[in-house]
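Notes follow once the structure below has been shown.
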Amino acid sequence: METLSVLYEITKPWLMFIGFIYVCLKMIHLAKNRKAGAIAFGLFLQMFIPDPKAQITIEAVVERKQEVKKQQDGNAKPKDDLPIDK
């Protein structure tokens, strides 16, 4: 009985690694078929795993919004040019 517990302790990391690979392959298969479980699992992981490029993405979006706002301000016609119906 002691040999079985020693054998289990030796193979436990490999069993966990193989289990992790199986779960990853299963999630890939479910994601390709667009199953709700895979999408929910991905969203759940995204909440807890930080995005390393999040700050860069936020800065790029802010710059684009500022450029669009400047273009809209430059292309806007003054309100004085509008005809007034009296």
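Note: hydrogens, waters and symmetry copies are ignored here, and every other heavy atom, side chains too, is used.
How far CE of M27 is from CG of L45: 9.0 Å, rounded to the nearest 0.5 Å. Here the straight-line distance linking atom NZ of K69 with atom NZ of K65 works out to 11.0 Å at 0.5 Å rounding. The distance from the CD atom of E59 to the CZ atom of R64 is 12.0 Å, given to the nearest 0.5 Å. To the nearest 0.5 Å, atoms CG (L15) and CD1 (I10) are separated by 11.5 Å.
Cluster membership for L25 and I18, using ILVMFWY side-chain heavy atoms within less than 4.5 angstrom, is not shared. Clustering ILVMFWY residues whenever any of their side-chain heavy atoms sit less than 4.5 angstrom apart, transitively, puts F41 in the very cluster that holds I49.
At most 12 heavy atoms of other shown residues, nucleotides or ligands fall within 6.0 angstrom of atom CD in Q46.
Residues passing the salt bridge (charged side-chain N to carboxylate O under 4.0 Å, His left out) test with K12, sequence neighbours excluded: E9. The ring-ring contact (aromatic ring centres under 6.0 Å, His included) test applied to Y8 returns no partner, not counting sequence neighbours. For Y22, the ring-ring contact (aromatic ring centres under 6.0 Å, His included) criterion is met by no residue, not counting sequence neighbours.
Through direct or indirect side-chain contacts shorter than 4.5 Å among Ile, Leu, Val, Met, Phe, Trp and Tyr, I39 is connected to L43. Applying the 4.5 Å side-chain rule to ILVMFWY residues, one finds that L7 remains a lone member of its cluster. Chaining together hydrophobic side chains whose heavy atoms lie under 4.5 Å apart places M47 alongside F44, F48.
Taking both residues in full, the closest heavy atoms of A38 and A31 are given as CB-N, 3.6 Å, listed atom of the first, atom of the second, then distance.
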